[in-house]
Number of protein chains: 2
Amino acid sequence: MALKVRKNRIPPPACPISDCMRFLGGAWTPNIIWYLSPGPRRFSELRHDIPVVSAKVLTQRLREMEEHGLVLRHVMPTSPPSVEYELTELGQELLPVIAAIMSVGKRLKRRREEIAA
Amino acid sequence: MALKVRKNRIPPPACPISDCMRFLGGAWTPNIIWYLSPGPRRFSELRHDIPVVSAKVLTQRLREMEEHGLVLRHVMPTSPPSVEYELTELGQELLPVIAAIMSVGKRLKRRREEIAA
DNA sequence: CGGCTCAGTTACCAACAGGTTACCGCAGAA
DNA sequence: TTCTGCGGTAACCTGTTGGTAACTGAGCCG
């Protein structure tokens, strides 16, 4: 008897995950959102916050996030030019996701440590 | 759509996000978790659920998830070999994250449609 | 004037993840 | 006997991505 695909279950609704993950895709995007969460932050501050990320990638991510409507970019016409990035409302809606990711990640990390020990 | 979240190599020391994202990293991991959420599911069923993912990648993801303790792998010694995958408790703890990702994704999608209209 | 900072941009490059194809052993069906 | 389905694995190829280094250009400082 050949095995059949079981259909006697509630099918998950059409999965929008792929659409959604485009907004979190790319290295460091969650980190950037996290560091923007307390409030507006300048480019060089973000560089300082996440020193392992290169300027190029930071720019790329911020541009992408701006396109997606997750951040606002304010250019301050000060003497040393200064650019502030700020989470939009939509960007702030991602914070619970990131918080959840962090809490689960911590739990998994603890688990690994227990196994290692 | 490719749905890639890169597994970042060296994470920033202070921030646990990178550690956490390793568990969601790799293409299709969130989708797989989602399709496992209603209950155990066989390999070929998952292939049917997510036809765009290749067998190789599906195997890779399931193996990684098994290593991370997110899924259990049950080999049924039936005549056509059958392998069931099942979310562990830890894996189920990821579901709120995925639900959050989905809800935000839907919202962003609506927003894009409004802009396009 | 030289050099510094801020906020990038551009060109080039290596690594790696994911896709494709082929193949395996086994059992039951035709 | 051959064929198919299951659950993979191995070898190979390609595209993307993120890193590095060098550059810009305005404004200020000394």
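Fair warning: this is a prediction, and the values are worked out from it, not measured in the lab. Convention: sequence-line order gives letters A, B, ...; per-chain numbering from 1.
For C/dG8, the OP1/OP2 oxygens have a side-chain nitrogen or oxygen of A/Arg73 closer than 4.0 Å. The side chain of B/Arg42 places an N or O atom within less than 4.0 Å of a non-bridging phosphate oxygen (OP1 or OP2) of D/dG7. At C/dG8, one or more side-chain N or O atoms of A/Tyr85 fall inside 4.0 Å of OP1 or OP2 (strictly under the cut-off). Between A/Ser82 and C/dC6 there is no side-chain N or O to OP1 or OP2 distance below 4.0 Å. For B/Ser54, no side-chain nitrogen or oxygen approaches OP1 or OP2 of C/dG18 to under 4.0 Å.
Listed in residue order, the members of residues 58-68 of chain A having a heavy atom less than 4.0 Å from DNA chain C are A/Thr59, A/Arg63.
Between B/His68 and B/Phe23, the angle of the ring planes goes over 60°, which puts this pair in the perpendicular group of the 30/60° scheme.
Here the closest non-hydrogen pair linking A/Val53 and A/Leu58 is CG2-N, 4.1 Å. In terms of heavy atoms, B/Ile32 sits closest to B/Arg61 at CD1-CB, 3.5 Å.
Following rounding to the nearest Å, B/Phe43 (CZ) and D/dG8 (C1') show an atom-to-atom distance of 6 Å. In this entry the distance linking CZ of B/Arg47 with P of D/dT9 reads 13 Å, nearest Å. Atoms NE2 (A/His48) and C1' (C/dC6) sit 15 Å apart, rounded to a whole Å. Atom CE in B/Met21 sits roughly 15 Å away from atom C1' in C/dA17 (whole-Å rounding). Rounded to a whole Å, the CG atom of A/Asn31 is 14 Å from the C1' atom of D/dG18. Here C/dA27 presents its P atom at 18 Å from CE of B/Met76, a figure rounded to the nearest Å. Distance, B/Lys56 NZ to D/dA10 P: 12 Å, rounded to whole Å.
For the side chain to side chain contact (heavy atoms under 4.5 Å, CB included) with A/Ile98, the qualifying choice from A/Thr29, A/Asn31, A/Ile33 is A/Ile33, the only one to do so.
Between A/Arg73 and A/Val75, some side-chain heavy-atom pair lies under the 4.5 Å cut-off. Looking at heavy atoms from C-beta onward, B/Glu64 lies out of side-chain contact with B/Glu67 at the 4.5 angstrom threshold. Counting heavy atoms from C-beta on, the side chains of A/His74 and A/Leu72 come closer than 4.5 Å.
Ranking D/dG18, C/dG18, D/dC6 by closeness to the A/Ala27 side chain, first place goes to D/dG18.
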